**Q** 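I have a structure here, written as structure tokens, and I will follow up with some questions on it.
So that the names make sense, note that chain A is the first sequence line, chain B the second, and so on, each numbered from 1. All values derive from a computational prediction rather than experimental measurement.
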Amino acid sequence: MISRYEPRRLEEKWQKIWAQRRLFEAGEDPSRPKYYVLEMFPYPSGRIHMGHVRNYTIGDVVARYKRMRGFNVLHPMGWDAFGLPAENAAMARGLHPASWTYDNIAYMRGQLKELGYSYDWPRELATCDPDYYRWEQLVFIEMFKRGLAYKKKAPVNWCPKCETVLANEQVEGGLCWRCDSPVHLQELEQWFFKITAYADELLADLDHLEHWPERVLTMQRNWIGKSTGAEILFPLKDGGEPIKVFTTRQDTLWGATFMSLAPEHPLALALAKGTPQEAAVQDFVDHWRAQDRSRGVLEEITKEGVFTGRFCLNPVTGWEMPIYVANFVLMEYGTGAVMAVPAHDQRDFEFAQKYGLPVKVVIQPPGEELRAESLKAAYEDEGVLVDSGEFTGQASAPAKEAIAAFLEQAGKGRKAVHFRLRDWLISRQRYWGAPIPIIYCEKCGMVTAPEQDLPVTLPLDVSLTGEGGSPLAQLPSFTNVTCPACGGLGRREVDTMDTFVESSWYFLRYACADYREGVLDRKRVDYWLPVDQYIGGIEHAVLHLLYARFFTKVFRDLDLVKIDEPFQRLLTQGMVLKDGAKMAKSKGNVVDPNDMIQAYGTDTTRLFLLFAAPPERDLEWSDQGVMGGHRFLHRLWTLAHNLLPRLKDAGAYQGTGADLSGGLGEFRRKVHQTIQKVSGDIEDRFHFNTAIAAVMELINAFYQAAEDHAQEEKALPVFREALEAILLLLYPMVPHITEELWEALGYNTSLQLAPWPQAQAEALAEAARTVVIQINGKVRSRITVAAGLSDPELENAALNDPVVQKWLQGQTPKKVVVARGKLVNIVI
RNA sequence: GCCUGGGUGGCGGAACGGGUAGACGCAAGGGACUUAAAAUCCCUCGGGGUUCGCCCCGUGCCGGUUCGAGUCCGGCCCCAGGCACCA
């Protein structure tokens, strides 16, 4: 036993022992409750950074804690290994993306091992492994057969820098989520997953995710963006296909005085054709197409439009409504056409003012009468219908229902629900991703790759030049293939899948990472899933977390899993900041975990990250704070070593505390109070910062008690009990130092196998307690009384307190309140 | 504009059924030990006043409920994140 605290030495020692004893490898055991804790797996970018360390430390504490609580814990780790950075790095350095990726994985795995995380390493997986993505290809084929994977031509987001398309979720404020380049729309034929088929369920099930942060739920609700309203058909005055609009305000239909079309609407140019307005409309649309539509610019654009020269008819009033093309109407939402109700929609109001279009009030607010002539702004709230035929006099809400039903009956429209959510665009014109298992045949069209031929392996003999589009398209050995249907000449799909596809189901595969008979081993997956606790950054609120929910539902419908939702509880941990900003190479404020481990050890690094802030909040890195954590571990070490020679042979205290004299009894009470406090902080809230603070207090008290009772033989069992409790409580957070001290106490099994300590009820009971006395709500005195005094007795004791007597000066109090046996408030 | 968080010492943060505001840690100041420094240990540490007993003020701002409000209610200000011409 060494007496100096040398963190690196003992951390290596224990990491080796844990691995040898295979302590963290979990098997299915129906006799024990299971607990699946998972942290979002990393992209193998090269090095583990402090954000990872924080994320994985939180998860590791949970895993180790739950094991001590008797759970059969699954805690796996793997690699989100496909992605563009590998290609870029490869091109810049002449490496192959595969070797770059696998080298990074090897290095980062080493880092994670040095950090001492309790992962079930045999379950490790990398998504770029053909043994992983082959199952994804199989799922793709199943989805294709069911119409959940399909190809269509559509205007899609193109990032010129990444030279690939992006899903809507991956465009943030008009910029590429990965490289911040402005994205523009391009008409391309692309692969989509039909996530909109699950829009309703994805929205509804959010209500059952009680243990998800409210803001994530809100972000997903907003993203899905359900609105209930009606589709209404407006016949053209001159005949032809009517114009279909979507509105949530069918109660304002009688006030619709003109029609607005999106510039991309197919009717925009078609209608104008042959009218005197044709040139003007063409001009307007051309101008609009050239317009920079990135965020910010868009907000500044004034509402403009142009008359098409044609009219449609209001289906209920029969009025002629001029049809305009307007720059604020979105083709992507609804039907790309809007019935304009200037009195009750601000945009339409402004548009009507500008072009001198009629305004007609059809909704009256309570207690006021609006007049079209004097309207200064649209009245957008609900109210009572006026001038609306048989619906006049009804309130907006019931009128909406009635009007939708009426339109449906009259064949002029129907009740309808629209979503903001679009289908998930998953094809990427890149090399380093999972190939889409589709073959094109002149004769047979699109054919899926035969299941026995899976995986469609990503060829490695590729040269990445960065020019000429998708690298796979330039590889005849890959593209040329015989059609599985007719045996004729076929051509492989050269797009690869969005890497978010891999991360949408990896948490399922961990349950049976070695399974070779199919996508998932149903038995094992049913045992482990859902994930009980998922931990990761907020940045995935509507990306990964939405896709993963979608995939889980698809897998369920493919009869691969039985769960509806993948993640029971979600913790979104805050960022690690330095000097008030997110750590970044470009800002020069990066703290390398390796340096911290070298200088102070893993335990200190973990301790600081847990102590500096509660997990969901951002954490400001502080070198001094790290030293504070290190100091604390030294104090623990020194305390233990001062006592060890005498504690080795002492047994832990066994009694109820009744036989202990004042100081010792109080110290023992503190021990049990700390057990209670730490258990609550970890179990209910994951507030490791206050849990650590409580143990710090206990250790401070321990130093005092060790001094006060240095010579007392009967103190030794109490001290032994206290030290054991401290080691047990701290183990999940700082596992190495506690294992070392546990061993020094004479144990030869890992602390991980010891049960979590239990606070003893008798030890918590206090003989005397301090009661706070307030006068008119202000603290004026404190008295010590025997435990178990009744409220009237307490009141009496308080009134007899000399300080109270002084304040009372003989008066009788107006009122005395006794609160929870802890506080007396005297009102005078 | 809408939605979700959040405003507490010099700093990170506690106060989880309304009941001792500032636990724990960092920094700072003073002292002990040392030839000296580091390390370690002890004391002080929201502001103001003080007869050193205590007293007054204080949790973004204004008001309310209550014996009692950081905590509840109403109104406002500021910060962060998300969405944003969504019909």
**Q** Does B/A87 have OP1 or OP2 under 4.0 Å away from a side-chain N or O of A/Ser227?
**A**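 For A/Ser227, the contact criterion (side-chain N or O under 4.0 Å from OP1 or OP2 of B/A87) is met.
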
**Q** Run the salt bridge (Lys or Arg N to Asp or Glu O under 4.0 Å) check on A/Glu332 and A/Arg420 step by step: do they pass?
**A** CA-CA 8 Å; A/Glu332 311 86 82; A/Arg420 210 188 79 109; over 6 Å; no

**Q** May I ask you to verify whether the side chain of A/Lys303 and the base of B/C85 hold a donor-acceptor pair under 3.5 Å?
**A**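 Yes, a donor-acceptor pair under 3.5 Å.
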
**Q** With the 90 degree cut-off around zero defining syn, does B/G7 come out syn or anti?
**A**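 Anti conformation here, the glycosidic angle of B/G7 being more than 90° from 0.
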
**Q** Does a nitrogen or oxygen in the side chain of A/Lys778 sit under 4.0 Å from OP1 or OP2 of B/C57?
**A**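 Indeed, a polar side-chain atom of A/Lys778 lies that close.
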
**Q** Roughly how many Å is it from CZ in A/Phe328 to P in B/C86, rounded to a whole number?
**A**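 Going from CZ in A/Phe328 over to P in B/C86 covers 9 Å.
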
**Q** Checking base pairs now: Watson-Crick or wobble, both atom distances under 3.5 Å. What partners B/C61?
**A**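 Answer to the pairing question: B/G75, which forms a Watson-Crick or G-U pair with B/C61.
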
**Q** Once you round it to whole Å, what is the distance between P of B/G13 and CD of A/Glu616?
**A**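 Spelled out: CD on A/Glu616 to P on B/G13 is 11 Å.
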
**Q** Contact class for A/Pro614 (heavy atom, under 4.0 Å): base, sugar-phosphate, or nothing?
**A**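 If one applies the 4.0 Å heavy-atom cut-off, A/Pro614 turns out to touch the sugar-phosphate alone, with no base involved.
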
**Q** Using a cut-off of less than 4.0 Å, is there contact between a side-chain N or O of A/Arg215 and OP1 or OP2 of B/G82?
**A**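 For B/G82, OP1/OP2 do not have a side-chain N/O of A/Arg215 under 4.0 Å.
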
**Q** When you measure from the side-chain N and O atoms of A/Arg631 to the phosphate of B/C26, is any distance below 4.0 Å, counting only OP1 and OP2?
**A**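 Yes, within the criterion.
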
**Q** For B/G6, does the O4'-C1'-N9-C4 (purine) or O4'-C1'-N1-C2 (pyrimidine) torsion place it in syn, i.e. within 90° of 0, or in anti?
**A**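 Judged by the O4'-C1' to base torsion, B/G6 sits in anti, the angle falling more than 90° away from 0.
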
**Q** Indicate whether OP1 or OP2 belonging to B/C56 is found under 4.0 Å from a side-chain N or O atom of A/Arg780.
**A**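 For A/Arg780, the contact criterion (side-chain N or O under 4.0 Å from OP1 or OP2 of B/C56) is met.
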
**Q** Is the distance from OP1 or OP2 of B/A84 to the nearest side-chain N or O of A/Arg347 less than 4.0 Å?
**A**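 Checking B/A84 against A/Arg347, no side-chain N or O comes under 4.0 Å of OP1 or OP2.
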
**Q** Distance check: side-chain N/O of A/Arg420 vs OP1/OP2 of B/A84, anything under 4.0 Å?
**A**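 Checking A/Arg420 against B/A84: at least one side-chain N or O falls below 4.0 Å of OP1 or OP2.
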
**Q** When you compare B/G22 with B/A36, how far apart are their C1' atoms, in angstrom units rounded to a whole number?
**A**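 Those two atoms are separated by 38 Å.
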
**Q** Given B/C86, is OP1 or OP2 found less than 4.0 Å from the side-chain N or O atoms of A/Arg422?
**A**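 So the side chain of A/Arg422 is outside the cut-off, no N or O lying under 4.0 Å from OP1 or OP2 of B/C86.
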
**Q** Check every strand shown and say whether A/Lys677 touches a base, only sugar-phosphate, or nothing at a heavy-atom separation below 4.0 Å.
**A**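 It contacts base atoms.
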
**Q** Does a side-chain heavy-atom distance below 4.5 Å link A/Arg249 with A/Val341?
**A**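 No, every pair of side-chain atoms sits at 4.5 Å or beyond.
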
**Q** Reckon A/Arg635 has a side-chain N or O less than 4.0 Å from the OP1 or OP2 of B/C41?
**A**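 Affirmative; the distance criterion is met.
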
**Q** Looking for any heavy atom pair under 4.0 Å, which part of the strands does A/Gly628 touch: base, sugar-phosphate only, or nothing?
**A**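 If one applies the 4.0 Å heavy-atom cut-off, A/Gly628 turns out to touch the sugar-phosphate alone, with no base involved.
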
**Q** Tell me whether the rings of A/Phe702 and A/Phe667 are parallel (<30°), tilted (30 to 60°) or perpendicular (>60°).
**A**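 A/Phe702 vs A/Phe667 ring planes: tilted.
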
**Q** Using the benzene-type ring in the case of Trp, are the ring centres of A/Phe258 and A/Tyr355 under 6.0 Å apart?
**A**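 No, the ring centres sit 6.0 Å or more apart.
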
**Q** Using a 4.0 Å heavy-atom cut-off, does A/Val827 contact any base of the nucleic acid, only the sugar-phosphate backbone, or nothing at all?
**A**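 The answer is sugar-phosphate, as A/Val827 gets under 4.0 Å only of primed atoms, P, OP1 or OP2.
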
**Q** Hey, do the aromatic rings of A/Trp424 and A/Phe500 have their centres closer than 6.0 Å?
**A**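 No, the ring of A/Trp424 stays outside the 6.0 Å limit from the ring of A/Phe500, centre to centre.
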
**Q** For A/Trp177, answer base if it contacts any base atom (sugar-phosphate contacts may also be present), sugar-phosphate if it contacts only those atoms, and nothing otherwise; contact means non-hydrogen atoms under 4.0 Å.
**A**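 It contacts nothing in the nucleic acid.
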
**Q** Does a nitrogen or oxygen in the side chain of A/Asn689 sit under 4.0 Å from OP1 or OP2 of B/A14?
**A**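 Affirmative; the distance criterion is met.
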
**Q** Under 4.5 Å between any side-chain heavy atoms of A/Met339 and A/Asp345, yes or no?
**A**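 Side-chain contact under 4.5 Å: no.
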
**Q** Establish whether the base of B/C83 is bridged to the side chain of A/Asn222 by a donor-acceptor pair shorter than 3.5 Å.
**A**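 For A/Asn222, whose side chain was compared with the base of B/C83, there is no donor-acceptor pair (under 3.5 Å).
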
